[in-house]
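Computed from a predicted model, the values in this text were never measured in an experiment. So that the names make sense, note that chain A is the first sequence line, chain B the second, and so on, each numbered from 1.
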2 protein chains.
Amino acid sequence: MNRDAKRTLLQDVAREAGVSTASVSRVLNRAPHVSERLRSRVEAAINSLGYVPDGTARALASRRIGAIGALVPTLDNPVFSAMIDSLEQRLKQYDCRLLIATYRYRLDEEVESLRTLIQQGIDGAVLIGHDHLPATLELFRRHEVPYLTCWHSEEDPDWPSIGFDNAAPARHLAEHLIQLGHRRFGVISAPADGNDRARARLTGFRQALEAAGLDLPDDHVVTVEYGIEEGAAAFADLMRLTPRPTAILCGNDVLAFGAMFAAAQAGIAIPDDLSITGFDDLPQSRFMHPALTTVAAPSAEVGRLVADTLVARIRGDQTPHRQVLEAQVVLRGTTAPPLHETQPA
Amino acid sequence: MNRDAKRTLLQDVAREAGVSTASVSRVLNRAPHVSERLRSRVEAAINSLGYVPDGTARALASRRIGAIGALVPTLDNPVFSAMIDSLEQRLKQYDCRLLIATYRYRLDEEVESLRTLIQQGIDGAVLIGHDHLPATLELFRRHEVPYLTCWHSEEDPDWPSIGFDNAAPARHLAEHLIQLGHRRFGVISAPADGNDRARARLTGFRQALEAAGLDLPDDHVVTVEYGIEEGAAAFADLMRLTPRPTAILCGNDVLAFGAMFAAAQAGIAIPDDLSITGFDDLPQSRFMHPALTTVAAPSAEVGRLVADTLVARIRGDQTPHRQVLEAQVVLRGTTAPPLHETQPA
DNA sequence: GTCCTTATTGTAAGCGCTTACAATCAAGCT
DNA sequence: AGCTTGATTGTAAGCGCTTACAATAAGGAC
């Protein structure tokens, strides 16, 4: 922003209205103890001069920035962009802007981005998930920046959170498949390193299998980066196992899309020959053929609640340390009993 | 950010290093005329005190913010979030942060958001598309904020741009279908109001049809909001026409997904009974069954180029007023000759 | 050795606003 | 009328940094 141009300043408004700068500032900030008469005089001056306060000066003097930072692994994943979308819309209602930084699942890059954001000036910040470097916490503490994590539901005194249990719905998904008669499972997971959500989902799958006395050999768990193509490749790997799994649990919908695509290519019928599940419930998941059985991550709700809660924290209000939302299993068309098998038990 | 805690200030660093505040500032800003000896002394002091400069004060004094604003209709559309993702990554290299605001396709909300961003402080801004209210331009001019528009390629002295022609590829898509033998077309378009891209694509479709002497009655163009469901509903409308169109041109991939879904539901085979095209080339489009014929919008490339160009403009460098990228038609499986028709000509 | 340049460094005046504190004033009491 | 009280408004000191300008030091040329 070029300020060489002589802008109208608060001072000019004060002169125009014949009041002090303090009064103008008070009107601007809706402070108490301002008479109607003064207010209207100032407002008239503001309008006639087209005055726009300088946010930078305001921030310096008031120690409030009017913006929060959001650190997300990537915006490429619709599940995050949906969350950010609702977060931003809600923040607007609090007259608060949104600064975004991505770190491509590299926690050290997360720290760096956070450092820059804090230095740049933010009133608060929200992170995704529970996995973070100690340096991250240290930054928040040191600069006394209110913060929140989301998308998980771990209980941790260090990390206030708004999210949902990633393990339980994953377990339910697996239990559902077990109940349908499946005994041999394959899993396609996102890299678990620095990604507690991926780990929790995997844990959920494992819990269900273990409880049913089923085995999940290491080579039945394929870890791949996020992406349809990656999901397809992982699927191909799993199909090379003998005997083949009859159900594939995917760590997210996009991986499941890839698996479904690869299945179609290979002439494997879903769900007759093989069941597949996802996690996230992206908009298109219910429009697939067949529609994807998955878990509905409450993206928009998380975004809204993060906005409300973080703003409250910034104001110094008390807020719950941990807020857990529902992530419902959505049974659709990609899961069915394993038809071509004898079904024991 | 709470500054009640006594932070280390630039002053403290100066005292610790036994130099003036100006010298510290010079070191911080890599200014010329600083001796090695002084530099290292100051750097040592900075490290030992763990000093972090205050971005707000810096912004006020230097008149540089270190952040740009991006105004997008919505992040819910992957095509935009992909662009934003690459924009942010590239900006990081210039040590520049990204402020995001969405306006849900309401141009008056765009103006308001821009006003807030400018007031808050941004060094530059990027808008989507060519349709904007005069007030938007007025804001840029008045506050002398460097700006850019993207995602379109209109030639307009008021609006520097980085994007691609939306009409030409749309025309090519229609021409391709005409060449395949199609004569009766349906169009599913996003609302054209305030959305030049949607209009341009529609224009492209019309040009091709007109050139071929084909008619496109008003009831063959259905306008719906963005969304799979919306696309499906529009498709159903078009299928009620008699005689039915043999090809449906969709304004974007998501609408095409909806159409494909509805077609499957209705037992209409794509592409045998009906051809469908999209626009955007979302990641999943090539993984549909059949894979979607569409136009590849260079999202990531636009993001990168916007970052490079806007930063250059902020620095005062000369940059091209209009940069046009390629948006290639991608022929895939949803388009084929209209089999069940006698093919004239 | 003196004077002029040029490279470094310091001094201090802002950047445009907020806000503690002081001053003012009208209203309510005695 | 004189005093108190509380609501309004003004005064001016910052917020933490950058940078124009002055001052000083260090080379060179004569």
(request) Go through the structure and list residues passing ring-ring contact (aromatic ring centres under 6.0 Å, His included) with A:Tyr147, not counting sequence neighbours. (result) A:Phe140, A:Trp159
To the nearest Å, give me how far apart [atom1] ([X]) and [atom2] ([N]) are.
X	N	atom1	atom2	value
A:Arg37	D:dA7	CZ	P	19 Å
A:Arg41	D:dT8	CZ	P	15 Å
B:Arg15	C:dT9	CZ	P	20 Å
A:Leu38	D:dA7	CG	P	16 Å
A:Leu60	C:dG14	CG	P	17 Å

(message) Counting only side-chain heavy atoms from C-beta out, which of D:dT8, C:dG16, D:dC15 sits nearest to A:Ser35?
(response) D:dT8
(message) For the CD1 atom of A:Ile65 and the CD atom of B:Gln120, what is their distance to the nearest 0.5 Å?
(response) 7.5 Å
Using the 3.5 Å cut-off, write out each protein N or O paired with an N or O of nucleotides 17-19 of chain C and the distance between them.
from, atom 1, to, atom 2, distance (Å)
C:dC17, OP1, A:Tyr51, OH, 2.3
C:dC17, OP1, A:Asp54, N, 3.3
C:dC17, OP2, A:Leu10, N, 2.6
C:dT18, OP1, A:Asn29, OD1, 3.4
C:dT18, OP1, A:Asn29, ND2, 3.0
C:dT18, OP1, A:Arg58, NE, 2.9
C:dT18, OP2, A:Ser25, OG, 2.5
C:dT18, O5', A:Ser25, OG, 3.4

(message) To check you understand the geometry: which heavy-atom pair defines the closest contact between A:His321 and A:Asp156, and what is its length?
(response) NE2-O, 2.7 Å
(message) Looking at every non-hydrogen atom in both residues, tell me the closest pair between A:Val72 and A:Leu75 and how far apart they are.
(response) CG2-CD2, 4.0 Å
(request) If the plane angle is over 60° it's perpendicular, under 30° parallel, otherwise tilted; pick one for A:Phe164 and A:Trp151. (result) perpendicular
Hey, what are the protein-to-nucleotides 22-25 of chain C N/O distances that come in under 3.5 Å?
none

(request) Give a yes or no answer on whether the side chain of A:Ser25 reaches the backbone of A:Thr21 with a donor-acceptor pair at less than 3.5 Å. (result) no
(request) For side chain to side chain contact (heavy atoms under 4.5 Å, CB included), just list the numbers for A:Arg90 and A:Val311, CA-CA rounded to whole Å, side-chain angles, deciding distance to a tenth of an Å, and then say yes or no. (result) CA-CA 10 Å; A:Arg90 189 65 159 218; A:Val311 166; over 6 Å; no
(message) Are the side chains of A:Arg58 and A:Asn29 in contact, using a 4.5 Å heavy-atom criterion?
(response) yes
